[in-house]
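Working notes, structure below.
All ligand and atom numbering here is 1-based and tracks the order in the structure. In this text the structure is predicted, and so the values were computed from the model without any measurement.
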Amino acid sequence: MNTIIKKVDYINPKNDEDVFLEAASIIKNGGLVAFPTETVYGLGANALDPIAVKKIYEAKGRPSDNPLIVHISEISQIYPLVKNISKKAEKLMRVFWPGPITIIFNKTDLIPSETSGGLSTVAIRFPENKTARYFIKKAGFPIAAPSANSSGRPSPTRASHVKLDLNSKIDMIIDGGYSEFGLESTIIDVSSDIPCLLRPGSVTKEMIENTIGKISVDKAVLEKLENGERPKAPGMKYTHYSPLANVTIINGEQENVISKINSLIKENIEKDLKVGVIATEQTKGKYICDNIIVIGDRNNLKEIASNLFISLRRCDNLGLSQVYAEAFNETGIGMAIMNRLKKAAGYNIINV
Ligand code: AMP
Ligand code: MG
């Protein structure tokens, strides 16, 4: 299959009407179109068409029990898709939509089980990104879209990442620049009395609690689950976000982290392994290693979040076999950063 790649004016999408019409025509005919959102690039299909949705799983190599997030371009689109909207859900929608948070509802029969991974619930998101919204509007129906990467690889924050993973497997990529937040959406389940955070993101636990009060956090968010334990978001059980290199997180006081990483670098060099460090602006000059990937300023977690996946992909570009990454505080966006980093490292953490 030839994958069409078209750039659009992401500030004023109307200037590229012809591209959106082409993308809408592809998706109306059951095809797959990757598009930018403010979190990561999504791989879209008609959420109401089981045959189209199945193609997403095939292109990504995604396990079929891992449900998809359904994207809408205006609030009114949600009503036929969900059974009831609780007071707390309504509040979250009012405060954070459009934006990087996904809310879980009980689904109606309009959502095929292929889209919901066989669950009786459905995940809904109303993105802020103008390209995403214009595309969904032109399609005229809700769009199911997981991240547009091959399953298990770091999520794509640029059209070029989508091309690397999915070229010739999908019909079209709309190139609308980079994804501002760079981490997948926050997922919250408000279907029970105490809402539960299933995946942390740029809308933080603290921001949610300021809006609807105390929430719980699914164990899978920050810890490795024991055999037999299941995360509430099925996708959280899969190894995720991994570069080809082995990743190890080093956690502790900055000086201890630096000296531990330097001693590990020596061991790797002695074994002839190509080693790298995911470092910060504060520490980049402190390692005895040529392959330093600077993820951003430690005091600017938003910047770190937005550079996380591109940094993991850089490990592959450099052909590294072992990578050491500094840990971050797990408050605010730090919770989302550490959730993704721990998964990339297979929960391999050394405390110093
Ligand atoms: P992705 O679209 O690749 O960012 O992944 C979507 C995430 O949302 C996966 O972890 C899914 O398991 C999760 N998800 C989607 N729908 C539901 C649902 N109905 N209940 C719980 N988790 C969901
Ligand atoms: Mg994903």
Side-chain angles (χ1 to χ4, degrees), residues 32 34-45 47 53 56-57 59-72 78 81-83 89 100-127 129 132 142-157 161-162 165-166 170 179 181-192 195-203 216-221 225 230-242 305 308-309 312-313 336 339-340 342-344:
L32 300 183
F35 61 98
T37 81
E38 68 273 25
T39 58
V40 300
Y41 270 68
L43 177 59
V53 161
I56 291 182
Y57 290 92
K60 277 180 61 85
R62 185 176 175 103
S64 62
D65 69 345
N66 190 1
L68 308 176
I69 293 174
V70 174
H71 294 68
I72 56 176
I78 195 176
L81 309 177
V82 308
K83 277 197 178 139
I101 182 167
T102 297
I103 307 175
I104 310 277
F105 300 89
N106 286 313
K107 76 173 193 73
T108 62
D109 291 342
L110 213 57
I111 300 283
S113 71
E114 284 77 1
T115 300
S116 69
L119 300 177
S120 59
T121 51
V122 62
I124 310 272
R125 186 158 106 78
F126 179 6
N129 181 285
I143 292 183
S147 49
N149 51 325
S150 293
S151 255
R153 298 264 304 135
S155 292
T157 54
H161 301 168
V162 182
D165 279 16
L166 298 176
I170 63 176
S179 294
F181 290 106
L183 290 182
E184 304 87 345
S185 60
T186 303
I187 304 181
I188 180 129
D189 184 348
V190 283
S191 61
S192 57
C196 186
L197 184 70
L198 307 191
R199 180 172 74 185
S202 301
V203 175
S216 63
V217 179
D218 190 36
K219 188 180 170 196
V221 166
L225 297 180
R230 297 174 126 249
K232 289 200 174 125
M236 298 282 280
K237 70 173 172 283
Y238 296 108
T239 323
H240 250 77
Y241 316 119
S242 318
L308 178 61
F309 289 135
L312 293 173
R313 282 179 178 264
N339 167 261
R340 309 308 194 275
K342 282 178 182 174
K343 280 172 173 283

Which is it for I187 and ligand 1 at heavy atoms under 4.0 Å: side chain, backbone, both or neither?
side chain
In terms of side-chain heavy atoms, does S185 have a donor or acceptor partner in T39 at a distance below 3.5 Å?
no
Any side-chain donor-acceptor pair under 3.5 Å between S155 and R340?
no
So is P234 in contact with ligand 1, going by heavy-atom distances below 4.0 Å?
yes
Cationic N near anionic O, under 4.0 Å, R125 to E38:
yes
Can you sort out which atoms of ligand 1 are near S147, meaning under 4.0 Å from one of its heavy atoms?
1 (P), 2 (O), 3 (O)
Taking all non-hydrogen atoms of both residues into account, name the closest pair between N66 and Y57 and its distance.
O-OH, 3.2 Å
Would you say R62 and ligand 1 have an N/O pair spaced under 3.5 Å apart?
yes
Heavy atom under 4.0 Å from ligand 1: found in R125's side chain, backbone, both, or neither?
neither
Heavy atoms only: which of A220, S120, P67 lies closest to atom 14 (N) of ligand 1?
P67
Proximity of L198 to ligand 1 by residue part, where a heavy atom lies under 4.0 Å
side chain
At under 4.0 Å between heavy atoms, which part of T121 makes contact with ligand 1: side chain, backbone, both or neither?
both
Would you sort out whether I104 and K232 count as a side-chain contact (heavy atoms from CB on, under 4.5 Å), showing the intermediate values?
CA-CA 11 Å; I104 310 277; K232 289 200 174 125; over 6 Å; no
Heavy-atom closest pair, residues A132 and P36:
CB-O, 3.3 Å
Would you mind reporting whether V203 and I188 have side-chain heavy atoms less than 4.5 Å apart?
no
Would you say ligand 1 has an N or O under 3.5 Å from any N or O of G235?
yes
Kindly indicate whether the side chain of V40, heavy atoms from C-beta on, has any atom under 4.5 Å from the side chain of N149.
no
Identify the two heavy atoms, one from L197 and one from V221, that lie closest to each other, and give their separation to 0.1 Å.
O-CG2, 3.7 Å
For R199, take its heavy atoms, then give the atoms of ligand 1 lying under 4.0 Å from any of them.
1 (P), 4 (O), 5 (O), 6 (C), 7 (C)
Taking only non-hydrogen atoms of L119 and a 4.0 Å limit, the atoms of ligand 1 in range are 18 (C), 19 (N), 20 (N)
Does any N, O or S atom in S147 come within less than 2.8 Å of the Mg ion (ligand 2)?
yes
Go through ligand 1 atom by atom and flag the ones less than 4.0 Å from a non-hydrogen atom of I69.
6 (C)
Given side chains that start at C-beta, do those of T37 and F181 come closer than 4.5 Å, heavy atoms only?
no
Record the part of K232 in heavy-atom contact with ligand 1 below 4.0 Å; permitted values are side chain, backbone, both and neither.
backbone
Below 3.5 angstrom, do we get any N/O pair linking N66 and ligand 1?
yes
